[in-house]
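First the structure, in the form of structure tokens, and then the observations on it.
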Amino acid sequence: MSTTHSTPMLILGSGPAGLSAAIYGARAGMKPILVQGIQPGGQLMTTTDVENYPGFADVIQGPWLMEQMQKQAEHVGTTLMYDTIVEVDLSKRPFRLTGDSGDVYEGQVLVIATGAQAKWLGLDSEEAMKGKGVSACATCDGFFYRGKKVAVIGGGNTAVEEALYLTNHSPDVTLIHRRDELRAEKILQERLFKNERISVLWNKTIERFVGGGEPEGLVALELRDTETGEVSTLEVEGGFVAIGHHPATELFRGHLELDDDSYIKVETGSTRTSVPGVFACGDVMDKVYRQAVTAAGTGCMAALDAERFLAEAEFENIVEAAE
């Protein structure tokens with residue numbers, strides 16, 4: 001039998017953005033309910049060493065960090081629900097969402113923190129080498145490859161930006177693209193081609209990520225030429241897949257305004273979406289930074305924006321009642 005759960009503040013997503021929103025929302029007395037979704041804890045649950053989250057002198061583990069955030073959110077008054085939302089109604093307040101369990105969740109405000117997932121090549125060897133030399137975030141993991149030879153796979157803005165960033169750590173960066181020209185903006189291409197630390201391999205696809213050594217780590221990439229079919233090997237210690245991200249917004253298509261890349265549009269300088277009372281934070285609206293610390297920051301913003309919205313709505317109701 002289904003149950004209806006009602007709250008002033010409903011949150012979707014349990015990564016750094018959603019949990020930060022929950023912590024601030026709970027401390028503001030909004031008694032948030034957080035629906036954790038298909039991947040509780042978000043992308044950090046699949047991340048091992050985290051060295052760039054402020055407040056920790058030593059390297060910490062991604063799952064441990066999310067466990068601590070979750071405990072903090074619960075400690076200050078957040079209710080965590082293990083469910084996945086399959087249907088939304090944002091046409092009126094309270095907003096009404098239906099879970100896979102059949103339960104209904106109602107919120108006077110809604111904070112969307114469903115995140116985004118990196119696109120991968122889909123190779124078995126890629127899956128096997130994740131965290132062992134294969135990454136989808138140069139900003140997150142580039143520091144671990146100081147002085148080492150690395151490669152970036154892709155041809156758009158993300159790939160070029162990752163390659164340029166990696167030159168801060170590596171003296172030898174190779175960009176590998178399956179075509180004979182890049183899709184990135186011209187100004188980025190100009191910066192790439194002028195950088196002496198970067199070389200480009202055209203018309204190449206990844207056949208296999210090759211592991212070796214003790215402990216096992218990435219040692220090479222097996223490449224195939226898209227024109228000749230010739231197979232070659234490139235020795236590298238780091239491989240960064242940079243072919244884009246999938247924001248988790250399919251559920252909101254037709255309900256909220258999305259940009260051309262399917263990220264939720266928010267007002268500049270806020271987390272407000274096209275529907276009053278609905279706020280978006282973290283990677284579901286941020287395609288530029290995509291860091292745990294920036295996600296947490298926008299989660300804080302969403303909670304503060306939601307608190308102001310509810311205060312203004314309550315004030316308007318008081319004024320209307322007095323009239």
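Please read these numbers as outputs of a predicted model, since none were measured by experiment.
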Open item on the list: Tell me the closest heavy-atom pair linking V241 and K119, and the distance in Å.
Closed with: CG1-O, 3.7 Å
TODO: Run the salt-bridge test on D172 and R197 with the 4.0 Å N-O cut-off and return the result as yes or no.
DONE: no
- [ ] Look at the side chain of S125 and the backbone N and O of F209, then say whether any donor-acceptor pair between them is shorter than 3.5 Å.
- [x] yes
TODO: Using the rule that two of Ile, Leu, Val, Met, Phe, Trp, Tyr join whenever any of their side-chain heavy atoms come within less than 4.5 Å, decide whether L175 and L188 are in one cluster.
DONE: yes
Task: Shortest non-hydrogen separation from H255 to V275 and the atoms involved - done: O-CG2, 3.5 Å
- [ ] State, yes or no, whether a side-chain contact exists between T298 and Y289 at a heavy-atom distance under 4.5 Å.
- [x] no
Task: Side-chain heavy-atom pair D103, H5 within 4.5 angstrom cut-off - done: yes
Open item on the list: Using the rule that Ile, Leu, Val, Met, Phe, Trp and Tyr join whenever any side-chain heavy atoms are under 4.5 Å apart, tell me whether V88 and V266 fall into a single cluster.
Closed with: yes
TODO: For the residue pair F279 and F309, categorise the inter-ring angle as parallel (less than 30°), tilted (30 to 60°) or perpendicular (more than 60°).
DONE: perpendicular
Task: Separation of L218 CG from E235 CD (nearest 0.5 Å) - done: 11.0 Å
- [ ] Would you confirm whether N168, through its side chain, and Y165, through its main-chain N or O, come within 3.5 Å as a donor-acceptor pair?
- [x] yes
Task: Side-chain heavy-atom pair L258, I264 within 4.5 angstrom cut-off - done: yes
Task: N/O donor-acceptor pair under 3.5 Å between T249 side chain and S262 backbone - done: yes
Task: Rounded distance (nearest 0.5 Å) linking atom CZ of F252 with atom CD1 of I112 - done: 3.5 Å
TODO: Show your reasoning for whether side-chain contact (heavy atoms from CB on, under 4.5 Å) applies to V104 and L97.
DONE: CA-CA 6 Å; V104 173; L97 288 70; over 6 Å; no
Task: D283 (side chain) donor-acceptor with Q117 (main chain) under 3.5 angstrom - done: no
- [ ] Could you grab the distance from atom CZ of R224 to atom NZ of K204, nearest 0.5 Å is fine?
- [x] 11.5 Å
TODO: Applying side-chain contact (heavy atoms from CB on, under 4.5 Å), run through H245 and K287 and close with a yes or a no.
DONE: CA-CA 8 Å; H245 288 75; K287 59 183 176 183; over 6 Å; no
Show me the side-chain donor-acceptor pairs of residues 8-26 shorter than 3.5 Å, one per line, residues at least two apart or across chains.
residue : atom : partner : partner atom : Å
S14     : OG   : Q36     : O            : 3.3
S14     : OG   : G41     : N            : 2.9
S20     : OG   : P16     : O            : 2.7

Task: Closest heavy-atom pair and its distance - Y145, V134 - done: OH-N, 4.5 Å
Open item on the list: Can you tell me how far apart CE (M129) and CG (L123) are? Round to the nearest 0.5 Å.
Closed with: 12.5 Å
TODO: May I ask you to decide if Q68's main-chain N or O and Q72's side chain share a donor-acceptor pair within less than 3.5 Å?
DONE: no
Open item on the list: I'd like to know if the side chain of Q189 reaches the main chain of A184, judged simply by a donor and an acceptor atom lying under 3.5 Å from each other, with no hydrogens or angles considered.
Closed with: yes
Open item on the list: Can you confirm whether E181 is buried at CD, in the sense that more than 12 heavy atoms of other residues, nucleotides or ligands lie under 6.0 Å from that atom?
Closed with: no
Task: Expected output: side-chain T7 to main-chain K31 donor-acceptor under 3.5 Å - done: yes
Open item on the list: As an exercise, state the distance from OG1 of T78 to CZ of R27, rounded to the nearest 0.5 Å.
Closed with: 11.5 Å
Open item on the list: Using modelled atom types and a 3.5 Å cut-off, is there a donor and acceptor pairing between side-chain atoms of S135 and backbone atoms of F240?
Closed with: no
Task: R96 side-chain N/O to E106 backbone N/O, donor-acceptor pair under 3.5 Å - done: no
Task: Side-chain touch L234/T174, heavy atoms, less than 4.5 angstrom - done: yes
Open item on the list: What I want to check is whether the side chains of D83 and S101 have a donor and an acceptor closer together than 3.5 Å.
Closed with: yes
Task: Hydrophobic cluster membership, I198 vs W202, 4.5 Å side-chain cutoff - done: yes
Task: Co-membership, hydrophobic cluster, residues F56 and M66, 4.5 Å side-chain - done: yes
Open item on the list: How close do R183 and R179 get, counting heavy atoms only, and between which atoms?
Closed with: NE-NH1, 3.9 Å
- [ ] Apply side-chain contact (heavy atoms from CB on, under 4.5 Å) to V173 and V150, showing your working.
- [x] CA-CA 5 Å; V173 179; V150 299; 3.8 Å; yes
Open item on the list: Check E67 with K71, please: is the shortest side-chain N to carboxylate O separation under 4.0 Å?
Closed with: yes
TODO: State plainly whether one hydrophobic cluster holds both Y263 and V284, where clusters connect Ile, Leu, Val, Met, Phe, Trp and Tyr through side-chain heavy atoms under 4.5 angstrom apart.
DONE: no
Task: Audit row: F95, R93, side-chain contact (heavy atoms from CB on, under 4.5 Å) steps and yes/no - done: CA-CA 5 Å; F95 304 116; R93 293 175 52 229; 3.5 Å; yes
Task: Close side-chain approach of R308 and L304, heavy atoms under 4.5 Å - done: yes
Task: Minimum heavy-atom distance between I85 and L251, given as atom pair plus value - done: CG2-CD2, 3.6 Å
TODO: Determine the minimum heavy-atom distance between V109 and A306, stating which atoms define it.
DONE: CG2-CB, 3.9 Å
Open item on the list: So does T226 get a backbone contact from the side chain of N203, meaning a donor-acceptor N/O pair under 3.5 Å?
Closed with: no
Task: Side chain to side chain, F143 and N52, heavy atoms closer than 4.5 Å - done: no
Task: Approximate separation, where rounding is to 0.5 Å, of C137 SG and E162 CD - done: 6.0 Å
